[in-house]
2 protein chains.
Amino acid sequence: MTVTLADVAARAQVSPATVSRVLNGNYPVAATTRERVLRAVDELDYVLNGPASALAAATSDLVGILVNDIADPFFGIMASAIQAEIGGPGGRAGGERLAVVCNTGGSPERELTYLTLLQRQRAAAVVLTGGAIEDEPHATAMASKLRKLGDAGTRVVLCGRPPAPDTRAIALTFDNRGGGRELTEHLLGLGHRRLGYIAGPEERTTTRHRLEGHRAALEAAGIDEDPRWTVHGRYDRRSGYEATLELLRRDPSLTAVVAANDSVALGACAALRDSGLRIPDDVSVAGFDDLPFSIDAVPSLTTVRLPLAEAGARAGRIAMGREEAPPGGIAMIRGELMVRGSTGGPRG
Amino acid sequence: MTVTLADVAARAQVSPATVSRVLNGNYPVAATTRERVLRAVDELDYVLNGPASALAAATSDLVGILVNDIADPFFGIMASAIQAEIGGPGGRAGGERLAVVCNTGGSPERELTYLTLLQRQRAAAVVLTGGAIEDEPHATAMASKLRKLGDAGTRVVLCGRPPAPDTRAIALTFDNRGGGRELTEHLLGLGHRRLGYIAGPEERTTTRHRLEGHRAALEAAGIDEDPRWTVHGRYDRRSGYEATLELLRRDPSLTAVVAANDSVALGACAALRDSGLRIPDDVSVAGFDDLPFSIDAVPSLTTVRLPLAEAGARAGRIAMGREEAPPGGIAMIRGELMVRGSTGGPRG
DNA sequence: AGCGTGACAGCAAGCGCTTTCTATCTAGTG
DNA sequence: CACTAGATAGAAAGCGCTTGCTGTCACGCT
């Protein structure tokens, strides 16, 4: 019923081998023969059988991209950039590859299961985006899985994620600590002394690093941090809204709120406004990531820009073997402080 | 080197057939045997070879999701919902499926090529999201491709996209026309008579339908539309910014601007502010989609909410055969007008 | 004229799994 | 107790493609 290589071969009066070679183009085939084959392919409307081809050749053209939340532009932007470089149709890369975007939802089990699924598909490469989960057993399981993938010839690249030791994985890590520190230094420079911090979920590297940067800046400035000034939440707007109200309840004298990321910062802004506070006159707000909407907030958000698209593109190229891995397999990608309207000197 | 089914069989002292059956669980296997096999799988760290399995069984567990722009939350939200229902790891669905999110970038060729790639992989189902491109040759090619996919047993679902006649594709269509109309009626009700419209790219069904709704409302109100009041652009913020400046240049007396979607509306707001105009006192602004950030705009955006997540979830279930297709294979999904702060009565 | 040499094309052996058909064994039945 | 139905397990035939190896020619060289 379905057209196979053999059918094409018969029609073109050549052997299946020849058809295969024409299609893969890695073996000399006379121009006239090639033409005949291509015509047959066209006439029969032949479509290669991917699984069969993958099985015989022991390789596949699937590339996995793991993201925490595909609905979040932070991941969407990286995924998009990675995918463009992977060279799906229209990409500059030669062979047409299928990018498989997998949504882990931040769940450790899913992360692992997806990796197994990709391993099962004999994926050509896998790119993991976003922070890692800091759970000892899970980290061990991940490392082991990544090692196996690497051993099986799958190229593994971590994009915006800390290195995975004892693994062949290439890591392009965001300097969350440095960015967090710079951001808080900016606030301190403006004269703020009482800063609330809305952190992301615990046991996430991203959360921890940004928070560490923040605390390092405080410490360097000789400020004793009040434990009440830190609240943990999710990486979304809602969480930012609630956390801000909580922060305000705990200490109404705060003059600045630093958020785990831009979405959280937006929620913080909303909460402040709803509490009758002006930004930045009464309270300054800062975000992280510099997602596209941040500049449109009113006032526009002071934040740390992470080169998401660039990092994704680079990760994609490395995954495809079109760019050399950084020395040591690790590269630290710095963020850039974007000072905008949401931060100003403290009131009074 | 790599562990195969046969290795597991040898270790468990059973035939490969039995191992396969244990793994697929669709054939009776004695409990003790099953256990022995599972132990062997575990000890050998065996991972099924996806391509081989797909080849032999003539089916695969890949499900394609086509989106225009994965970095755009509009698509991200739908993709996320679809994927959750597809039942990747952790999903309620039984078999573990791999969702393949394909980024077409709005390019017709890529759309087609991705479909071929999915066809090649013998995808179990394909969900196409977002509006279609209104180019006769391309539409024909798409229909033909979708027909072939359908004939090959791949379930095809259109989510937020007009029906594809002569195809087995199930369509969950957004009522863009109705939403557009309602939105403009709201503005007219407030007393606006000179409305600018920032449309999306031409030759897109979404663009056309929303615009048609807008015009229908104007016509019903007996307003002659000035051709200068419509500008076409892309579906992004930047485009909204520029288009608004252009609109203002063409007719500074406009009292309202209707945007093709929320991102464009945000750009419009920025342009208005930069032009020294207040929203909504001087000019009202309306968006479309009600993406999460819309409520955080200042003032918050009046827009038409599209149940993106619900539609995606439903599309996912239909694609998996877990929900019946709507009668006639077509369902119209209505939007809901969300009146918020960005629209008000015209000045004066 | 004889022959080495490319340039192509074909043969055939798998790749690792699924599944039909068949064989075996146990337990239930008259 | 002979016999049959039901429950498992195995043998083996592919699934559609790739690729190493083996021809077969047509040239051009000595």
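Side chains included, hydrogens not; waters and symmetry mates left out as well; all remaining heavy atoms used.
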Would you call A:E85 and A:R314 a salt bridge, using N to O less than 4.0 angstrom? no

Between C:dT18 atom C1' and B:L55 atom CG, what is the distance in whole Å? 10 Å

Would you say B:T33 reaches D:dA9's phosphate, i.e. side-chain N/O to OP1/OP2 under 4.0 Å? yes

Rounded off to whole Å, could you give me the CG-to-P distance for the A:N49 and C:dG16 pair? 17 Å

Round to the nearest Å and state the distance from A:R36 atom CZ to C:dC8 atom P. 14 Å

What is the distance, rounded to the nearest whole Å, between atom CG of B:L23 and atom P of C:dG16? 16 Å

Length of the line joining B:Q13:CD and D:dG10:P, which is rounded to integer Å: 10 Å

In whole Å, I'd like the distance from the CZ atom of A:R34 to the C1' atom of C:dA7. 13 Å

Counting only side-chain nitrogens and oxygens, does A:T4 get under 4.0 Å of the OP1 or OP2 atom of D:dC15? no

Within the pair B:S15 and D:dG10, is there a side-chain N or O less than 4.0 Å away from OP1 or OP2? yes

Could you pick out which residue, A:A17 or B:A31, lies toward the 5' side of DNA chain D when each is mapped onto its nearest nucleotide? B:A31

What's the closest nucleotide to the side chain of B:T18 if the choices are C:dG10, D:dA9, C:dT19? D:dA9

Side chain of B:V14 - closest among D:dC15, C:dG14, D:dG10: D:dG10

More 5' along DNA chain D: A:L5 or B:A30, using each one's nearest nucleotide? B:A30

Flag the pair B:I65 / B:V100 as yes when at least one side-chain heavy-atom distance between them is below 4.5 Å, and no otherwise. no

If I take atom CG in residue B:N26 and atom C1' in nucleotide C:dT20, what distance separates them, rounded to the nearest angstrom? 13 Å

If you go through the side-chain atoms of B:R21, does one of them form a donor-acceptor pair with the base of C:dT20 closer than 3.5 Å? yes

When the distance from CZ of B:R122 to P of D:dG16 is rounded to whole Å, what number comes out? 8 Å

Side-chain N or O of B:N24 less than 4.0 angstrom from OP1 or OP2 on C:dT18? yes

Using a strict threshold of under 4.0 Å (side-chain N to carboxylate O), is an ion pair present between B:E134 and B:R161? no

Is there a donor N/O on one and an acceptor N/O on the other, under 3.5 Å, for the side chain of A:Y27 and the base of C:dA9? yes

In terms of side-chain heavy atoms of A:V29, which of C:dA9, C:dG16, D:dG16 is nearest? C:dA9

